[in-house]
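Data first, discussion second: the structure below is written as structure tokens.
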Amino acid sequence: MLNKIVKNADEAIQDISDGAVLMLGGFGLCGIPENCIAALVRKGVKNLTCISNNAGVDDFGIGLMLKTRQVKKMISSYVGENAEFERQLLSGELEVELIPQGTLATRCMAAGYGMPAIFTPAGVGTEVAQGKEVREFNGKQYLLEHAFNADFAIVKAWKGDTHGNLIFRATSRNFNPLMAMAGKITIAEVEELVPAGELDPDMIHTPGIYVNRIFQGVNYEKRIEQVTTRLKD
Amino acid sequence: MLNKIVKNADEAIQDISDGAVLMLGGFGLCGIPENCIAALVRKGVKNLTCISNNAGVDDFGIGLMLKTRQVKKMISSYVGENAEFERQLLSGELEVELIPQGTLATRCMAAGYGMPAIFTPAGVGTEVAQGKEVREFNGKQYLLEHAFNADFAIVKAWKGDTHGNLIFRATSRNFNPLMAMAGKITIAEVEELVPAGELDPDMIHTPGIYVNRIFQGVNYEKRIEQVTTRLKD
Amino acid sequence: MLDKFGIAKRIAQELRDGYYVNLGIGIPTLVANYVPEGMEVILQSENGLLGIGPFPYADEVDADLINAGKQTVTTTKGSSFFDSAMSFGMIRSGRVDLTVLGAMEVADNGDIANWKIPGKMVKGMGGAMDLVASAKNIIVAMQHVNKAGESKLLAKCTLPITGLGCVEKVVTELGVFDITPEGFRCVEYAPGVTLDYIKEKTLGRLVIADDVKQMVIG
Amino acid sequence: MLDKFGIAKRIAQELRDGYYVNLGIGIPTLVANYVPEGMEVILQSENGLLGIGPFPYADEVDADLINAGKQTVTTTKGSSFFDSAMSFGMIRSGRVDLTVLGAMEVADNGDIANWKIPGKMVKGMGGAMDLVASAKNIIVAMQHVNKAGESKLLAKCTLPITGLGCVEKVVTELGVFDITPEGFRCVEYAPGVTLDYIKEKTLGRLVIADDVKQMVIG
């Protein structure tokens, strides 16, 4: 029997140890693996390298792991929403590598697709290009960027089945399916876990082959950074 | 108003002219753009370069265009099902470039993703590597393979909407969404064309931005190469 | 002289029916409010949405549905969701017809700086470097001068570069400027603004178009 | 000596619970019939399916649902469909646990030739070159000798190569051979086959394992 199901986040992350390189899905606070982040804080694992588009806010998302000083290095495209982050960065406690968002996404995809490196024009002529190989194709310059190499990918999906197949909802998809393909071990937390056979095989975003562990998450807060609304006419 | 809808296959392909480079979706006879192939035969356009995983059979699929000598060159991974193909190849009437199936797929994806080239281990040490750059990453060798550059991509989907969004069914998906992203002009024929808003935005395989023309196909034959069945107990 | 709404209105005149458009945060976002009547424009959000709708009613707010500015939004008929690699794939392969961005500085060769001020906390480039390196048609929406009154239209960017030679057009409160081999080419000036004032406030090479005219905004 | 079903049965012993497996056309496909009771193995078809089910009943045949051999198939519980790039992505990134392929020749260093015979019509490599270049665990299922009685286990492939140093194990009608730095290492011989006969029919370097034993198949 395929056995990918774990009881909860604590069991899912139990072998993540100090110094691990993690990928964490989500864009802002949208689609983040809330349960696993909470479990990582409980476990107190340290010196983590976190590859994630953003770094959460002071009291939510990866911000919770920053507060407890568990993160050694962030690899992100945008980190502006977090005062504690800024303090640690300026004091030198935290290392930060900023990379273009499309490059971040594509380096995840490259890992999942077994491509060791990709070419992107993003960052040519900027400080992002420092130390990187530049190559011209058809008169345009591209940077050579390498696939990520992460010990664990931790993603959040809307629905999942016991084979590890995942379906994401709306813009909470973002980096999640890319990271799901890219970790040496992929952990998926889902809002609803169903038996294999209940999801339409045409509608699966991440085939189960990429997912090593899956569990039904609990108590999703799904915090919103900026609630913007319009008035009824 | 977005205006991607064309009446039929003849209108969809009307500006494809002699010498064009075409991508045609499908694996074997599964998921091939039957209507557009028929229209290309009617139009009689010649000297085509066809990028397609297979070359059809004698009397169906791209085989129909081979019979009428419209194809100058096939770029495929497997072409074994076609006697007329073999005759033209051996007589030198037809050029054939054989490339590994994963390389074919990834060179389509590269075009759709704006990546000028990709690295793949497929073909290292074989005649496929002749004249190609070999590069080592992490102790493993890879070939540099370039994105395709096709004038038209012609794909077949199950459902589509008036914005050009596409959904594919079962294994008729294959190369179709990749080629849909890769053509300078993308033409989609669909079994069912619905108004924008009827397809679930989470379940769209090809976002409409990639599709320039769409029409509801007719009279799908959907021929099967090998009907294999089992007996009821 | 234009306010930020005027800048957005003027940029909206660059929209064409059926365009796929990516609007950056700030003034660019406002452009969505001035799509001409009867025109269909599809907004791309690089976090994975084609077809951004208006803000939701209070009872429609959905934490899973945000734009690249992390604001809650809605979908439109014909919307689609996709992952971030496909999102930047469509940007990189030139499928987005128009990109509107803010900037701190633009050089007269089309270089842009909009992500980092030395000495200040760096928040990151987000998708800006991908957009400027890939999009085929980039309009910058920004103030002509900074808070110290210094020109942001320069001969050479002084801030760290976001992308090289990529900007097509700049719209400021003073006018509309095409990037040409001769530098900024002023093709329109805002109501109440003189060409001399524009010359005074522009540090990069500036040429005035023969057919320069006063901007008309609705 | 084994027949093709025996070869498939022996290879089925290499399956492990939860394995994702890609089976090539021919003898490899037969392996699916011998998955041990109670074991769950998920078959990948490189045209875009995880979870290949049995052939359909006549009234279930679906033209949109075929395997890489272009035969009509069915799905299983937990199946998923995907495009060809993702399919080879999962192969290339090493997610497929076991790949079983046919071959025309295998060299004692693990090189494989299985796509082209000079002078004959070349049908193409299909996905074979991707599979052999990427899969981490490749077993070749083939006849030990060709129709002319010549060994297909060679010191060096004479036919055009499909991939270099990639084969882990060869199962033929005569036995089971691991690829090792010393060449083919015979670890099992088929019932009714002598080691001398195997030596006679193997042209590449051959070593006999100390613990070589007769194959046991159900």
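Within every chain, numbering begins at 1; the chains are lettered A, B, ... in the order of the sequence lines, protein sequences first and strands thereafter.
- Note that CD of B/Glu127 is 7.0 Å distant from CE of D/Met125, once rounded to the nearest 0.5 Å.
- D/Asp3 CG: more than 12 foreign heavy atoms inside a 6.0 Å radius.
- Neither the backbone nor the side chain of D/Val132 has a heavy atom closer than 4.5 Å to any heavy atom of chain B.
- If you measure heavy-atom distances from D/Phe88 to chain B, the contacts under 4.5 Å come from the side chain alone.
- Across D/Ser79, D/Ser80, D/Gly126, the residue that shares the most heavy-atom pairs under 4.5 angstrom with chain B is D/Gly126.
- Contact tally against chain B (heavy-atom pairs below 4.5 Å) for D/Leu164, D/Leu131, D/Val73: the top residue is D/Leu164.
- By number of non-hydrogen pairs under 4.5 angstrom with chain D, the leading residue of B/Pro100, B/Ala122, B/Gly31 is B/Pro100.
- B/Gln226 places a side-chain N or O within 3.5 Å of a backbone atom of D/Gly69 that can act as its donor or acceptor partner.
- Note: D/Ser84 leads D/Ala63, D/Ser84, D/Gly124, D/Gly48 in heavy-atom pairs under 4.5 Å with chain B.
- The number of heavy-atom neighbours closer than 6.0 Å to NZ of D/Lys4, taken from other residues, nucleotides and ligands shown, is 12 or below.
- Between D/Asp83 and B/Phe175, every side-chain heavy-atom pair lies at or beyond the 4.5 Å cut-off.
- When each of B/Gly123, B/Ala170, B/Pro177, B/Gly125 is scored by its heavy-atom pairs under 4.5 Å with chain D, the top score falls to B/Ala170.
- Shown here for B/Gly28 and D/Lys70, the closest heavy-atom pair between the two residues is CA-CE, 3.6 Å.
- Cation-pi contact between B/Arg230 and D/Tyr57: present, with separation from the ring centre below 6.0 Å and deviation from the ring axis of at most 45°.
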Step-by-step side-chain contact (heavy atoms from CB on, under 4.5 Å) determination, D/Ile66 to B/Phe27: CA-CA 9 Å; D/Ile66 64 173; B/Phe27 176 88; 4.0 Å; yes

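- Interface remark: D/Thr162 contributes backbone atoms only to the contact with chain B (heavy atom separation under 4.5 Å).
- Once rounded to the nearest 0.5 Å, the distance linking CZ of D/Phe81 with NE2 of B/His205 reads 10.0 Å.
- Summarising the local packing, NZ of B/Lys140 is surrounded by more than 12 heavy atoms from other residues, nucleotides or ligands at distances under 6.0 Å.
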Step-by-step side-chain contact (heavy atoms from CB on, under 4.5 Å) determination, B/Glu225 to D/Gln71: CA-CA 7 Å; B/Glu225 280 180 77; D/Gln71 300 170 310; over 6 Å; no

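- Contact tally against chain B (heavy-atom pairs below 4.5 Å) for D/Thr75, D/Asp130, D/Asp111: the top residue is D/Asp130.
- Rounding to the nearest 0.5 Å places CE of D/Met129 at 11.0 Å from CD1 of B/Ile99.
- Residue contact with chain D, scored on non-hydrogen atoms closer than 4.5 Å, is absent for B/Glu221.
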Stepwise side-chain contact (heavy atoms from CB on, under 4.5 Å) test for B/Phe85 and D/Met121: CA-CA 10 Å; B/Phe85 182 96; D/Met121 163 74 183; 3.7 Å; yes

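- With respect to chain D, the highest number of heavy-atom pairs below 4.5 Å among B/Leu231, B/Thr228, B/Thr229, B/Asn53 belongs to B/Thr228.
- Here the NZ atom belonging to B/Lys222 is positioned 6.5 Å from the CG atom belonging to D/Asp62, to the nearest 0.5 angstrom.
- At least one test fails for D/Lys123 against the ring of B/Tyr78: distance under 6.0 Å to the centre or angle within 45° of the axis.
- With salt bridges taken as basic N to acidic carboxylate O contacts below 4.0 Å, one links B/Arg169 and D/Asp64.
- For B/Leu90, no part sits under 4.5 Å from any heavy atom of chain D, backbone or side chain.
- Of the listed residues (D/Leu65, D/Asn47, D/Thr74, D/Ile161), the greatest number of heavy-atom pairs within a distance under 4.5 Å of chain B belongs to D/Asn47.
- Residue B/Asn219 qualifies as open at atom CG: its count of foreign heavy atoms under 6.0 Å is 12 or below.
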D/Thr72 vs B/Ile224, side-chain contact (heavy atoms from CB on, under 4.5 Å): CA-CA, chis, key distance, verdict: CA-CA 8 Å; D/Thr72 48; B/Ile224 298 173; 3.6 Å; yes

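- Options B/Gly102, B/Pro121, B/Cys30 differ in how many heavy-atom pairs under 4.5 Å they form with chain D, and the most are formed by B/Gly102.
- Interface remark: of the candidates D/Pro56, D/Gly163, D/Gly89, D/Pro56 forms the most heavy-atom pairs closer than 4.5 Å to chain B.
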